[in-house]
Visitor: 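First the structure, then my questions, so here it is.
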Amino acid sequence: MSATAGTAGRQRVVRVLPDVPAIDKEFDYLVPDGVAVHVGDVVRIELHGRRVGAWVLALDVEPEPGVVLKALAKVSGRGPGPEVLELAEWAAWRWAGRRASFLRTAAPPGVARFTTGTASTGRGEPVPTGDELLDRALGAGRGVLRLGPAADRYPLVRAAALAARGAGGQTLVLCPSVDEAWGLGRRLRREGLRVAIVASDGPGSAATGEWIHAATTAQVVVGSRAAAWAPAPRLARVLVLDEHDEAYQQERSPTWHARDVVAERARRAGVPCVVVSPCPSLEALAWGELVEPGRGAERGAWPRVEVVDQRELDPGLGPLFSPRLVDLVRGDGRVLCILNRTGRARLLACATCRTIARCEVCDAAVGIDGVDDGGLGALACGRCGATRPPVCLECGGARFKNLRLGVSRAREELEALAATPVAEVTATTAPEDPAVASARVLVGTEALLHRVPRADAVAFLDMDQELLALRYRTAEQAFALVARAARTVARGAGRDGRVLVQTRTPDHPVLVAARLGDPARLVASDLPLRRALGLPPATAMAVVSGEAAPAYVDALGHPLDVRVQGPLDGAWRLVAPDHRTLCDALAAVERPPGRLRIEVDPLRL
DNA sequence: CGGACAAGCTGA
DNA sequence: CAGCTTGTCCGG
């Protein structure tokens, strides 16, 4: 039961944080004699009758008098070092989360046992690359490098890695996806660099080895979102590729953003951080110094973006299929058609009385999901799940007009138009579906752009769906979608690649910017709008929801400079002029018991 | 979080 | 008043 060590002499005492997110409290434990512990190590402790994991926060602490201490049950292995521990503390403030939830991400994927060598810190001046733009980016302390979608980011990564290596330092590189991290990592390894690819594959896998590599001998550490927390004891530089990608933000609360985590990490380490994107977010532009290529160079890195006005269409082809699109799908290149609506029909009107089909129960518009043999399937409500036979509630008519085609129906119609098999891809399509690999023409939701890396053309069948959505980041998100399509065709067809956009708002700033390959155009229209409406990044926001939200908002009160709006659908919105004000106010509130979601920097409102 | 223990409700 | 649910507290 109690410590095995003798009573003579002084027992070492460490302070730990249990790996139980609900307990954000520190406890003191005795260290058994002859056991080595370091700050950040992962240990096991007996807490209230059960064994749980914990992190060592501090060594040789003075325990509060009158508390009977237990001994550590076990030292499991090395964990995040002191720098990452402090970073977790900062992140807990910045995203109103608990330290344990960040440390879980930062801990090695398995049990890590290793000994550290001597950690020499090297910063090193970048060696000139011969490319004026890259040199400018690498010279910036906080750089936002804008590169068109077709531009190769590899020379930048390589130059950064080599410069850091020269001085004995490490370069941390983030990519939006694990696949990209692996691709980039392998390419860097072929240069002779020692690369740790930190892309967690679950406990006990090769990932533990990569984590140890990052903590010890690696010269470059590459990974996706979670790699923001990877060890890098000799950090010399940070790069974030495709900084605008929403995959960098965690969806679950705490909604931390990897770009912001590594930017803070670089700041604390006193090393430069460069983020790269064809369409830098307004957040990034507010944070760093923009480094942009010349107009001609940037435009040259955008493929041709053709905009088709759907208001002037051939009525015979229907609203989704312009003559230009028909040309594309009848050609011989690989064409991806994007339509962000699943199912067959999302909006139906009675063929007789023209009434929109609505749900009997909740009044939402109803559609048809399943593909059945010829006749109409049941009308299904996407909101409440109710279904009913396809009969008009107004006039009893049984025939409906499809006002908004879904992907399934669009596939059938495209197949007829293109006279070739057309594959359908949605988020639920099996990863190894053979039709996806073989089809020349594909139609799907934006999941299609994630699934298929290269194509000759990408066509957005109904861009207004993206352009006119009621989200505050709509324009940025729509532009990022076009940029992704642009990269897909740049990879597939180079200068001959085509992006086709069908829309009823051809003069939308997103489309003007895309046509000209000039993201600054979009910033010029979006930023003043966000400022005028008091939206991020002109302000800092948080959305509080969950059963404990009323108690939380009550406890928050009305701090100076924080506006509390709501509740709307059980959620409150908190708006402050900046993150310091917002996060300080959030940190001052004691969490009431119960489910609570605090979403700092919400992607949607 | 999850166990411990106290305070409340039910039924014979 | 046993037997059970529900709530509150606390962990080294």
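All values below were derived from every heavy atom in this structure, side-chain atoms included, with hydrogens, water molecules and symmetry-related copies excluded. Letters A, B, ... are given to chains in the order of the sequence lines, protein chains preceding strands, and every chain is numbered from 1.
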Visitor: Whole Å only: how far is the CZ atom of A/Phe27 from the P atom of B/dC1?
Guide: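 Result: 15 Å.
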Visitor: Under 4.0 Å from a heavy atom of chain A: give me the 5'-most and 3'-most nucleotides of DNA chain C that qualify.
Guide: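 Listing 5' to 3', DNA chain C meets chain A from C/dC10 to C/dG12.
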Visitor: Under 4.0 Å between any heavy atoms, over every strand shown, what does A/Arg50 touch: base, sugar-phosphate, or nothing? Just pick one.
Guide: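 Counting heavy atoms under 4.0 Å across all strands, the contact made by A/Arg50 includes a base.
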Visitor: Taking atom types as modelled, is there a side-chain donor on A/Ser281 or A/Glu243 under 3.5 Å from an acceptor on the other?
Guide: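 A/Ser281 vs A/Glu243: donor-acceptor pair found between side chains.
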Visitor: Centre of A/Phe114's six-membered ring, under 6.0 Å away, within 45 degrees of the axis: is that where NZ or CZ of A/Arg78 sits?
Guide: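 Pair A/Arg78/A/Phe114 counts as cation-pi.
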Visitor: Would you check if there is a donor-acceptor pair between the side chains of A/Asp584 and A/His579 at a distance under 3.5 Å?
Guide: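 The answer is no; no qualifying pair exists.
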Visitor: Going by atom types alone, do A/Ser101 and A/Arg252 pair a side-chain donor with an acceptor below 3.5 Å?
Guide: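 Short answer, no.
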Visitor: Atom CZ of A/Arg51 to atom C1' of B/dC1: distance rounded to whole Å?
Guide: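 These atoms are roughly 18 Å apart.
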Visitor: Using a heavy-atom cut-off of under 4.0 Å over every strand shown, decide if A/Val68 touches base, sugar-phosphate, or nothing.
Guide: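 The answer is sugar-phosphate, as A/Val68 gets under 4.0 Å only of primed atoms, P, OP1 or OP2.
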Visitor: Classify the angle between the aromatic ring planes of A/Trp95 and A/Trp90 as parallel (below 30°), tilted (30 to 60°) or perpendicular (above 60°).
Guide: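 Geometry flag for A/Trp90 against A/Trp95: perpendicular rings.
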Visitor: Taking atom types as modelled, find out whether A/Ser253 and A/Thr255 have a side-chain donor-acceptor pair closer than 3.5 angstrom.
Guide: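 On atom types as modelled, these side chains do not qualify, holding no pair under 3.5 Å.
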Visitor: Can you tell me the distance, in whole Å, between the NE2 atom of A/His48 and the P atom of B/dA4?
Guide: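 The distance from NE2 of A/His48 to P of B/dA4 comes to 7 Å, rounded to the nearest Å.
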